[in-house]
Amino acid sequence: MSPLPLPEVLPLPVGAGGFDHALIWTPPDFQPSERLPVAYLLDGQNVFLRDEDVPERGWPGSWKGVEAASALAAQGKRLVLVAVPHGADRIAEYTMQPDPEHGGGDGAATLARLTHTLKPLIESRYDTRTDAAGTALIGSSLGGLLALYGGMQQPHTFGFLGVLSPSMWWADRAVLRDVAAISLHSEQHYAVSTGDQEGRVQEGSAAQVAETRALHAALVGAGAQATLSILPGGIHHENTWASHLPAVLDAFWTCANGGEA
């Protein structure tokens, strides 16, 4: 069996407090003329890690993005993946409002850099699709919240949002209030997921599941398309997100090509 292709490292213009490179995966025999959909993935330093590069236990792990995207490509479902590592202050970069205990709140600047610096560079270099239907933003934990807000605030940019294990507790569950206060585009799709063992104690796990269900219901109530997946035994870890990623990418490809997830 031939080795799976490794992602390309693309240097970016350095910005204060921002990411300075991205990791780009294209399917075998990629041709720009294909005009493929493109998925942007947050916490990109963990998306493509090989097994031999992941510690045996603990944090971080790998999303196994190459494996997931290669399997889809073998089915004719070809995508470009852009993994974006966070910068020096992940909490600030991935949160839209400060939390009384943890600070943060610079997420708007991160979204701006994604849309105004990285996205145009990717589109010009790889000739990917530029439309919202062909553009996804996917994140986990605080990154899941940032992906969610990216869809809420930039519906003409991101048509598919992967909201994995969102940190519902942030800023006293502000996300539920924020979703309830807006109307969303019916063309957008939000793929929401979590594990059922993500809390440090059972009560915390139950709260995460209940609040993630409430988020899914709020998204549907706001007018968007949304699906919900709960992984039995899934903990708050890259292994859980690796388990969800193949279905999330498959759903994105389907939506990008005019189908329903």
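Everything numeric here is computed off the predicted structure, so don't read it as measured data. Quick note: numbers below take in every heavy atom, side chains included, and nothing from hydrogens, waters or symmetry partners.
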**OP:** I would like to know whether D127 and R35 meet side chain to side chain contact (heavy atoms under 4.5 Å, CB included); could you show each step before the answer?
**Re:** CA-CA 6 Å; D127 202 20; R35 300 283 289 177; 2.5 Å; yes

Original post:
Would S165 and S141 count as having a side-chain donor-acceptor pair, cut-off 3.5 Å?
Top reply: no

Original post:
Is W25 close to L79 at the side-chain level, that is, under 4.5 Å between some pair of heavy atoms?
Top reply: no

Original post:
Would you say S124's side chain and L121's backbone share a donor-acceptor pair under 3.5 angstrom?
Top reply: yes

**OP:** Look at atom CD of Q75 and say whether more than 12 heavy atoms of other residues, nucleotides or ligands are closer to it than 6.0 Å.
**Re:** yes

Original post:
Just by distance, do the side chain of N46 and the backbone of S62 share a donor-acceptor pair under 3.5 Å?
Top reply: no

Subject >> D250 side chain to P246 backbone, donor-acceptor under 3.5 Å >> reply: no

Subject >> Side chain to side chain, L36 and F30, heavy atoms closer than 4.5 Å >> reply: yes

Original post:
side chain to side chain contact (heavy atoms under 4.5 Å, CB included) between L146 and M96: does it pass, once the steps are laid out?
Top reply: CA-CA 7 Å; L146 189 67; M96 298 298 292; 3.8 Å; yes

**OP:** Look up atom CG in L231 and atom CD in Q197, then write down how far apart they are to the nearest 0.5 Å.
**Re:** 10.0 Å

Original post:
If you round to the nearest 0.5 Å, how far is CE of M168 from CG of L176?
Top reply: 4.0 Å

**OP:** Report yes or no: do I235 and W169 belong to one cluster of Ile/Leu/Val/Met/Phe/Trp/Tyr joined by side chain heavy-atom distances under 4.5 Å?
**Re:** no

**OP:** Write down the atom of G162, the atom of A147, and the distance for their closest heavy-atom approach.
**Re:** O-CB, 3.7 Å

Original post:
Under 3.5 Å, side chain of H185 to main-chain N/O of E187, donor-acceptor pair present?
Top reply: no

Original post:
If we only count heavy atoms from C-beta on, is the L148 to L219 side-chain gap below 4.5 Å?
Top reply: yes

Original post:
Can Y40 and I122 be said to form a side chain to side chain contact (heavy atoms under 4.5 Å, CB included), step by step?
Top reply: CA-CA 10 Å; Y40 295 85; I122 295 298; 3.5 Å; yes

Subject >> Heavy-atom closest pair, residues V248 and I138 >> reply: CG1-CD1, 4.0 Å

Original post:
How long is the span from the CE atom in M152 to the CD1 atom in I182, to the nearest 0.5 Å?
Top reply: 3.5 Å

Original post:
If you take all heavy atoms of T194 and H244, which pair is closest and at what distance?
Top reply: O-NE2, 3.6 Å

Subject >> Whether H236 and W241 hold their rings parallel, tilted or perpendicular, with breakpoints at 30° and 60° >> reply: perpendicular

Original post:
If you take all heavy atoms of R177 and R173, which pair is closest and at what distance?
Top reply: NH1-O, 3.7 Å

Original post:
What is the distance from atom CD of Q154 to atom OG1 of T115, rounded to the nearest 0.5 Å?
Top reply: 4.0 Å

**OP:** Please confirm whether the backbone N or O of L42 pairs with a side-chain atom of H86, one donor and one acceptor, at under 3.5 Å?
**Re:** no

Original post:
Does P166 offer a backbone N or O that forms a donor-acceptor pair with the side chain of Q208 under 3.5 Å?
Top reply: yes

Original post:
Between G44 and L23, what is the shortest heavy-atom contact and its length?
Top reply: O-CD1, 3.7 Å

Original post:
Has the side chain of T110 got a donor or acceptor atom that lies under 3.5 Å from a matching backbone atom of E93?
Top reply: yes

**OP:** Please answer whether the main-chain N or O of F158 pairs with a side-chain N or O of T135 as donor and acceptor at a distance below 3.5 Å.
**Re:** no

**OP:** Drop me the distance from L245's CG to L41's CG, to the nearest 0.5 angstrom.
**Re:** 6.5 Å

Original post:
Between K77 and N257, is any pair of side-chain heavy atoms under 4.5 Å apart?
Top reply: no

**OP:** Give a yes or no answer on whether the side chain of D106 reaches the backbone of A109 with a donor-acceptor pair at less than 3.5 Å.
**Re:** no

Subject >> Closest heavy-atom pair and its distance - Q97, A174 >> reply: NE2-CB, 3.8 Å

Subject >> Nearest-0.5 Å distance that lies between atom CD in E34 and atom CZ in R129 >> reply: 12.5 Å

Subject >> Steps toward side chain to side chain contact (heavy atoms under 4.5 Å, CB included) verdict (H216, V163) >> reply: CA-CA 10 Å; H216 171 257; V163 184; over 6 Å; no

Subject >> pair T240-E198: side-chain heavy atoms closer than 4.5 Å >> reply: yes

Subject >> Side-chain heavy atoms of V220 within contact of Y190, under 4.5 Å >> reply: no

Original post:
Are any of the side-chain heavy atoms of T95 and L145 separated by less than 4.5 Å?
Top reply: no

Original post:
Sub-3.5 Å donor-acceptor pair from the side chain of Q225 to the main-chain atoms of S186, do we have one?
Top reply: yes

Original post:
Is it the case that one hydrophobic cluster holds both L81 and V9, taking links as side-chain heavy atoms less than 4.5 Å apart, direct or via other members?
Top reply: yes

Original post:
Taking C-beta and beyond as the side chain, do R213 and I230 meet within less than 4.5 Å on heavy atoms?
Top reply: yes

